[in-house]
Amino acid sequence: MVQLVKAVIFDLDGVITDTAEHHYLAWKAIGDELGLPFTREFNEKLKGVSRMESLRLLLSLSKEPLSFTDEELDNLATRKNEIYKQLILEIKPEDVLPGIPELLVELKQNGIKTAIASASKNAFTVIDNLQMNDQFDVIVDAATIVNSKPDPEVFLRAAELLEVDPIDCVGVEDAVAGVEAIKSAHMVAIAIGPAEAFPHADLVLSSTKSLDLQQVIHAQKLKA
Ligand code: BG6
Ligand code: MG
């Protein structure tokens, strides 16, 4: 049976714009202050993961056991967020990743709905700075959900608001935790990044440049 794609649900950070880099730089500043050996390679684990879980992962790099009070942990997470907020002030409409504007036009022309499913509490600021508020049918951010990726909640909530069955949705992610969330939601998963990092994705593309409607349909056929 041929299934039609009815909706495409996009992650935000690292898929619509390169804020994955801003998150990295902000955590790097905190890691450096604490003398932790935080690398780009380790940062891959933080992608798609909530702010507090990211902090927990960062602190796990310490050789000696660290004992922070809850208040101190909150302060560290808040400081990271302050640095991140400064960095995203500079985001402009031109910072949308290549291929995304054309894909959004194609999807609209073909009656396919669109949503953002983001783990970030800063999602609306980023989308505002990109001036893309009116380009998605639905936007779900971290403030509206209880369970972070890899839990499927944010993708399922987006599908529910779009009034589309999850099996007719394609999710696009740049994070391992995000691909897990899409698959747990029984959606088709397209990963953006190196093929070896995403064994569970239905289709992996090295960049958003090659993400078009044809690839979206191809990914769904691969899953079927
Ligand atoms: C995700 C990012 O989109 O949002 C993670 O991939 C980030 O790196 C998470 O930790 C939470 O973001 P924020 O803006 O709420 O700290
Ligand atoms: Mg991401």
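Remember, it's 1-based here, ligands and their atoms both numbered in the order they're listed.
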Sum of protein N, O or S atoms, each under 2.8 Å from the Mg ion (ligand 2): 3
If you have a sec, work out which protein heavy atom is nearest [atom] and how many Å separate them, to one decimal?
{"atom": "atom 16 (O) of ligand 1", "result": "Arg51 NE, 2.7 Å"}
{"atom": "atom 15 (O) of ligand 1", "result": "Lys121 N, 2.7 Å"}
{"atom": "atom 11 (C) of ligand 1", "result": "Ala119 O, 3.4 Å"}

Transitive ILVMFWY cluster of Leu61, excluding itself - 4.5 Å side-chain cut-off: Tyr24, Leu25, Trp27, Ile30, Leu34, Leu36, Phe38, Phe42, Leu46, Val49, Met52, Leu55, Leu57, Leu58, Leu59, Leu66, Phe68, Leu73, Leu76, Ile83, Leu87
Side chain, backbone, both or neither: Val49 near ligand 1, heavy atoms under 4.0 Å: backbone
Over 12 foreign heavy atoms within 6.0 Å of NZ, Lys92: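 Correct, the count exceeds 12.
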N or O contact, Asp13 vs ligand 1, cut-off under 3.5 Å: yes
Ligand 1 N/O within reach of Ser120 N/O, cut-off under 3.5 Å: yes
Side-chain (Lys223) to main-chain (His186) donor-acceptor, under 3.5 angstrom: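 Confirmed, Lys223 side chain pairs with His186 backbone.
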Salt-bridge contact [X]-[Y] (side-chain N to carboxylate O under 4.0 Å):
{"X": "Lys183", "Y": "Glu180", "result": "no"}
{"X": "Lys149", "Y": "Glu173", "result": "yes"}
{"X": "Glu44", "Y": "Lys47", "result": "yes"}
{"X": "Lys6", "Y": "Asp168", "result": "yes"}

Matching residue for Thr19 among Asn122, Asn129, Asp13 - test: side-chain hydrogen bond (donor to acceptor under 3.5 Å, both in side chains): Asp13
Any Ser54 heavy atom less than 4.0 Å to ligand 1: yes
Which of the atoms in ligand 1, numbered in the order shown and given with their element, are less than 4.0 Å from a heavy-atom of [X]?
{"X": "Leu46", "result": "5 (C), 8 (O)"}
{"X": "Asn122", "result": "13 (P), 14 (O)"}
{"X": "Gly48", "result": "2 (C), 5 (C), 6 (O)"}

Exercise: do Thr144 and Asp141 side chains pair donor with acceptor under 3.5 Å: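 A donor-acceptor contact under 3.5 Å links the two side chains.
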Flag for His23-Lys80: side-chain donor and acceptor within less than 3.5 Å: yes
Ile182 reachable from Val15 in the ILVMFWY side-chain graph, under 4.5 Å edges: no
